[in-house]
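Chain identifiers are assigned alphabetically (A, B, ...) following the order of the sequence lines, protein sequences preceding nucleic acid strands; residue numbering begins at 1 within each chain.
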Amino acid sequence: MKNKPNKPNKREFSLVEDDNSNTTDTTNTTNTNNTTEKLKVSKKTTNNNIKPKKNSVSNAFNNLQTFRTRLPIWKEQKNLIETVKNNETIIIIGEMGSGKSTQTPQFLLEAGLASNGSIAITQPRRVAAISLATRVAKEFGSKLGREIGYSVRFDEMTSNSTIIKYLTDGMLLRELLSDPLLLNYSIVILDEAHERTMRTDILFGMMKRAQEIRKSKMKPLKIIIMSATLNSEKFANYFNTAAILKISGRQFPVNIIYCTEPKSDYLDTAFTSIFQIHIEQPAGDILVFLPGQEDIEILEKLILENASAIPPEKPKIITCLLFAALPTEQQTKVFDPAPPGTRKVILSTNIAETSITIGNVKYVIDTGKCKMRKFNARIGMESLSVENISKNSADQRMGRAGREGPGFCYRLYTEEEYTKMEKETDPEIKRCNIASIILLLKALGIDNVFEFDYLDAPSRNLIKRAMEQLFILNALDNQGKISDLGKRMAEFPLEPTFARVLIASQYMGCIKEAIDIVSLLSVDSIFFTPQDQRENAMDMKRKFISPLGDLITYLNVLKSYEAHKGEVDWCGRNYINRRNMKHVIKVRKQLNQLCDRMNMSPTNTCGDDYETILKCLLFGFFRQSAILQPDNNYKVIVSSQNVNIHPSSTLFNKKIEVVMYAELVLTSKPYIKNVSAIQSNWIVDFAPKI
DNA sequence: CTCTCCCT
């Protein structure tokens, strides 16, 4: 649904309030951070009441224009326009602060290059799309949603007059379903291409294809690939003829300090580095990159236990934790400036590498580690393990110290170890389960998914495994062609298994419950339990628990959440992650609308007939069932793989005979999550497919 | 006895 451009602030009413207070909303994207500083200055002048308001508004506008002319990309304006006029595909390499994401579409628009369709510019993250559009609308001097708009899931600000549209890569992918050649656009810009999300990787191929087809139809499509760092040769070769443009950035120098010898314990090394910097180096906050929540919590404990060792004349240390599962209120604490006489130490996951930008960071400590999801196509199991980061990632982390002034980056590895790192992180498409991507390609008419023109092709095994999964779900026929069912599945913004469950729910008569559960499974967790409050959290959780397991428990939570209108206090008391519950509600609303359009009544319900609901879920998860062994472990029925019920599950240690699970990930052990109690004879109906 | 991150 499109918001009317003349009322850009009016949002659709929903049960929960708008999450504009989200951490990420207060942050800035890579390319707009410097500009926001300037914005604040000009805002101060507009608050001056002596001047008439109109003048101060235009002053602010003039300041914006002056600022634009000082961006590094401004000098390249003519060159850029000429290059785009003379080439079909252009690669722009612009460092942080170059202004490429905000200025490029404006330059092209002003040069009249968008006369045959608008300009789309994609971002890997929602907040980036929204904040860039907001910024550019201001620079353009028009209301957001009119000439300059954005489109992200659950939120669209566009109108018939929109000529520059910022969107998430996922949104542009969905647009392909109804407009495979993207005829709405004359120029498509794929920004942050170096991140190589599964979605941009598919867009590369689809764009290249659209460009070729449109050339013959005399409706040319310009493609612009933008990125901070990029293997530009590889991209240029892929797009046959591509012009390459390099633009300098606005980054302060960062001094890199390597370890002189390899360290075995990065937590211990991080700990000593923090204290060393704190004692010896001048003011400035410290940002530490760690692989995950557990390490973050251990390190915080270590710091607090040793805080008394700091000489009394030195500032005190305050710690801030930062990871995605942390409730919003705690995440936003990283933006509070450290009180006088203190130094802030931020202990963060990868989230601070790209998604959240924190001011006043002068020192970065890089453990060189991150957690990465990988998919083993041979055994069909995902894993999440601590890995060494790539050079690209290390440099990105380093850059976080040089945003506001010269900084320091302490790498907790040797220079030799750095040179041995992979140049860039493997693209997602080579290491994740690509079933949903393959289904999308099939739905887009790409029948031979092995021969699709990938920038980096996934292994044959990975594609085969995805097709097998889709075949088993009846999304593909035995020729590998997409079925009518598969086409319907592709319409849903869901993993194929979840889409299969939704479609089955019409037949089972529990559409409402299926939508609820699929929505609830669309977030990492609806609970949040701080380390030190586990017992209390368990007590509060007990009243929701169903003996049938996690999914029915989640349904109970959802009912209770709605009965309490999603109140902050109620969520806090019950250890419910409110941000994630709000997301659940939004997903549910979207699925309700989608089902309505597909003649599946979202009010169709089976009430409390949980057996029907769980049987319906088996349509997606029938291969994901496991049976209790004499040693109290479980064995996956179809693969004989040994698995364990994750300790966060309500069925942990409950010794249920047969269970169905929504997720299997190898971490410290192979863990199954989101587990339900089922009867073995329910699975028999699916036997031919097993 | 436990959960990198993002997207439709």
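When heavy atoms are screened at a 4.0 angstrom cut-off, A:Thr168 is found touching the sugar-phosphate backbone but no base atom. Among the heavy atoms of the strands, none lies under 4.0 Å from A:Met372. Using a 4.0 Å heavy-atom criterion, one finds that A:Phe492 contacts no nucleic acid atom at all. Within the 4.0 angstrom heavy-atom criterion, no nucleotide atom of any strand lies near A:Ser525. Looking at heavy-atom distances under 4.0 Å, A:Val665 makes no contact with the nucleic acid at all.
Salt-bridge formation is not detected for the pair A:Arg174/A:Glu491: no Lys NZ or Arg NE/NH1/NH2 atom is positioned less than 4.0 Å from an Asp or Glu carboxylate oxygen. A salt bridge does not link A:Arg196 with A:Asp426: every distance from a Lys NZ or Arg NE/NH1/NH2 to an Asp or Glu carboxylate oxygen is 4.0 Å or more.
A sub-4.0 Å separation between OP1 or OP2 of B:dT8 and a side-chain N or O of A:Ser436 is absent. Here A:Ser355 reaches the OP1 or OP2 of B:dC6: one of its side-chain N or O atoms lies under 4.0 Å away. The side chain of A:Lys669 contributes an N or O atom lying less than 4.0 Å from OP1 or OP2 of B:dC1.
Shown here are the salt bridge (charged side-chain N to carboxylate O under 4.0 Å, His left out) partners of A:Arg500, two or more places apart in sequence or in another chain: there are none.
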Q: Walk me through it: do A:Glu663 and A:Phe621 pass the test side chain to side chain contact (heavy atoms under 4.5 Å, CB included)?
A: CA-CA 9 Å; A:Glu663 197 187 351; A:Phe621 302 144; over 6 Å; no
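B:dC7 atom C1' lies 12 Å from atom CD of A:Glu195, rounded to whole Å.
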